[in-house]
Engineer: 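Please read through the structure below; I'll follow up with questions.
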Amino acid sequence: MGIQGFLPLLKSIMVPIHIKDLKGCSVAVDTYSWLHKGALSCSTELCKGMPTTRHIEYCMHRVNLLRHFGVKPILVFDGGLLPMKSEQENKRARARKDNLARAVEHESDGNSAAAYECYQKAVDISPQIACELIQVLKQENLQYIVAPYEADAQMTFLAISGQVDAVITEDSDLIPFGCPRIIFKMDKFGQGVQFQDSMLQKNKELSFEGFNRQMLLEMCILSGCDYLQSLSGMGLKRAHASIKKFRSYDKVLKHLRYSGVSVPPFYEESFKKAILTFQYQRVYDPINENIVHLSNISDDIGDELDFLGPTMPKDIAQRIAKGDLDPITKMPFEVLLLLKQKGNSELLGCHLLLLMKQRTLLHIDSENWGSVPPPNIHIGYSSATNNSEFTESPCHEKKSPEHTVLRKPRQPIHKPCLGLHGHTNVQDTAEGKTREEATRKVTVRSAYFQHKQVEKNVYGEKQDCLSSGIAIDERKNALSE
DNA sequence: ATACCTTCGTCCC
DNA sequence: CGAAGGTAT
């Protein structure tokens with residue numbers, strides 16, 4: 001839910017800014033919001049698993065806008081599900097499902113306008129969609145990171161650790177996370193408004209005089225956030241007034257109870273967890289190539305942190321960050337694509353065997369890793385790939401062989417890989433799985449904007465199945481051993 | 001005055 | 001998701 005109505009109350013310290021003012025800077029980009037906006041124009045196609053690249057083009061347009069003005073973007077993607085948000089996620093998934101059902105119904109009634117509207121509300125920015133964009137980013141030598149959990153925490157980490165100068169997002173949650181410099185509402189011309197931490201003292205609508213970071217955070221949680229519903233009647237204004245008066249949440253809760261407000265016992269417990277989730281969420285540090293906490297964790301907090309989600313082996317974290325593994329299922333995207341394309345259980349059985357085999361080879365089971373909801377099948381093939389995508393500066397054109405391979409689909413093995421399927425599993429979504437969008441093609445092409453005119457050719461040449469083509473090759477070899 | 005609920009636009013042509 | 005407007009307290 002973000003922080004309800006926070007941004008309007010910070011108007012006095014929000015300053016207009018244009019991307020060109022950030023020339024020479026690097027910025028972290030909340031890719032979700034761009035993908036989501038871009039997906040609106042082609043939501044019907046996306047929901048049905050039909051081929052489209054409009055959402056990718058939308059993102060690349062903005063990425064190129066940044067590059068045009070000399071700003072170096074690092075695209076950040078959402079990763080795994082945070083236990084604290086699971087009920088919200090379920091709610092949203094259900095809403096999407098309902099809208100999809102409604103859209104299908106409207107469509108069969110011939111009401112295409114209503115259907116379109118529902119499709120827009122049914123689009124899900126799945127890891128597979130992110131993966132499609134990542135294929136393009138790889139080709140363009142653009143930096144990106146898939147967060148182990150939330151992109152918000154990941155972007156804040158990059159900002160605080162000085163790896164980026166600012167963050168571009170639409171989500172006010174970055175403020176309680178403690179992100180020092182945020183650009184909201186960036187439009188297609190590069191115009192937006194800037195929030196700076198250091199300006200808070202000068203805010204007019206709400207006075208933050210005497211507030212420290214902790215108080216700001218507690219105020220935000222008190223008013224209701226993704227991790228904890230607010231007490232009824234508690235919004236931003238009351239939360240602000242309460243924290244201003246009592247300076248800490250426990251005193252506020254004590255006062256509320258004293259005044260006869262019933263504060264459920266779990267509320268206080270959840271509040272602590274919410275604070276810790278904002279402060280110590282797991283993020284990926286591209287410099288050390290490993291999972292760390294958003295801020296350094298002191299030993300006296302060290303007790304149960306399971307609500308931050310399971311930790312993971314270093315190599316898994318690296319593969320997730322690179323976009324090789326689905327951050328939720330921990331399955332390689334290539335394998336997922338293949339399974340969806342073939343959609344036949346005999347192959348699936350073979351691959352599960354393969355997965356198990358590789359899994360044991362990598363000794364990555366056991367430990368904290370065994371208790372996650374989805375079956376934790378994580379494999380790694382071609383173990384030592386280059387992890388350098390995001391730690392290095394621009395010049396590594398020559399050293400990514402797989403990228404060049406991607407452009408040459410030597411194997412015309414499976415042309416029936418786009419179109420034609422996907423319609424069958426519209427009802428499949430009842431299972432609430434990560435289903436049909438995997439059947440969509442992954443369009444990979446280089447020089448995204450300079451060569452826009454060759455778009456039709458690209459489509460015609462069926463370059464769409466290349467990455468899965470590679471996957472199939474590798475599978476074949478591995479299986480025939 | 002405040003909080004909460006609903007609706008609408010986001011995209012593109 | 002945020003913005004905006006209506007409404008209940």
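Order of the sequence lines sets the chain letters (A, B, ...), proteins ahead of strands, with each chain counted from 1. Being a predicted model, the structure only gives us computed values, none of them experimental.
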Engineer: Does A:Ile17 form a side-chain contact (heavy atoms from CB on, under 4.5 Å) with A:Arg181? I'd like the steps, not just the answer.
Structural biologist: CA-CA 12 Å; A:Ile17 187 171; A:Arg181 190 178 182 192; 4.2 Å; yes

Engineer: Of the options C:dA3, C:dC1, B:dC12, whose atoms approach the side-chain atoms of A:Arg92 most closely?
Structural biologist: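 In terms of side-chain proximity for A:Arg92, the closest of C:dA3, C:dC1, B:dC12 is C:dC1.
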
Engineer: Expressed as a whole number of angstroms, how long is the span from A:His240:NE2 to B:dT2:C1'?
Structural biologist: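 To the nearest whole Å, that distance equals 15 Å.
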
Engineer: Tell me the interatomic distance from A:Gln191, atom CD, to B:dT10, atom P, rounded to whole angstroms.
Structural biologist: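 In whole Å, B:dT10 P lies 18 Å from A:Gln191 CD.
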
Engineer: Reckon A:Ser33 touches a base, only the sugar-phosphate, or nothing at all at heavy-atom distances under 4.0 Å?
Structural biologist: nothing

Engineer: For A:Asp98, is there an ion pair with A:Lys121 - N to carboxylate O distance below 4.0 angstrom?
Structural biologist: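 Between A:Asp98 and A:Lys121 there is no salt bridge, as every charged N stays at least 4.0 Å from the carboxylate O atoms.
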
Engineer: Between atom CD in A:Glu170 and atom C1' in B:dG9, what is the gap in whole Å?
Structural biologist: 13 Å

Engineer: In whole angstrom, give the distance that lies between atom CH2 of A:Trp34 and atom C1' of B:dC11.
Structural biologist: 15 Å

Engineer: For A:Gly235, answer base if it contacts any base atom (sugar-phosphate contacts may also be present), sugar-phosphate if it contacts only those atoms, and nothing otherwise; contact means non-hydrogen atoms under 4.0 Å.
Structural biologist: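 A:Gly235: backbone/sugar contact only, no base atoms under 4.0 Å.
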
Engineer: Could you tell me the separation between the CZ atom of A:Phe6 and the C1' atom of C:dG2, rounded to a whole number of Å?
Structural biologist: 14 Å

Engineer: Side chain of A:Arg238 only, please: which of B:dA3, C:dA3, B:dC11 is the nearest?
Structural biologist: B:dA3

Engineer: A:Leu40 has a side chain; which of C:dA3, B:dC12, B:dT10 sits nearest to it?
Structural biologist: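 Closest of the options to the side chain of A:Leu40: B:dT10.
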
Engineer: Between A:Lys91 and A:Asp226, is there a salt bridge with N-O shorter than 4.0 Å?
Structural biologist: no

Engineer: Show your working on salt bridge (charged side-chain N to carboxylate O under 4.0 Å, His left out) between A:Glu140 and A:Arg67 and close with a plain yes or no.
Structural biologist: CA-CA 11 Å; A:Glu140 300 275 318; A:Arg67 288 200 286 188; 3.0 Å; yes

Engineer: Can you figure out which of C:dA3, B:dT2, B:dC12 approaches the side chain of A:Lys185 most closely?
Structural biologist: C:dA3

Engineer: Output the single nucleotide from B:dT2, C:dC1, B:dT10 whose closest atom is nearest the side chain of A:Asp171.
Structural biologist: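 It is C:dC1.
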
Engineer: Identify which nucleotide among B:dA3, B:dC11, C:dC1 has an atom closest to any side-chain atom of A:Lys37, counting heavy atoms from C-beta outward.
Structural biologist: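 It is B:dC11.
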
Engineer: Between P on B:dT7 and CD on A:Gln4, what's the gap in Å once rounded to a whole number?
Structural biologist: 16 Å

Engineer: Quickly work out the A:Ile125 CD1 to B:dT10 C1' distance and round it to whole Å.
Structural biologist: 12 Å

Engineer: Tell me the interatomic distance from A:Asp187, atom CG, to B:dC11, atom C1', rounded to whole angstroms.
Structural biologist: 14 Å

Engineer: Among the candidates B:dC12, C:dG2, C:dA3, find the nucleotide nearest to the side-chain atoms of A:Pro8.
Structural biologist: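 Nearest nucleotide to the side chain: C:dA3.
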
Engineer: Treating A:Ser242 as the side-chain partner and A:Val252 as the backbone partner, does any N or O pair qualify as donor plus acceptor under 3.5 Å?
Structural biologist: no

Engineer: Give the nucleotide from the list C:dA3, C:dC1, B:dA3 with an atom nearest to the side chain of A:Leu7.
Structural biologist: C:dA3

Engineer: Is there a side-chain polar atom (N or O) of A:Ser172 under 4.0 Å from OP1 or OP2 of C:dG2?
Structural biologist: yes

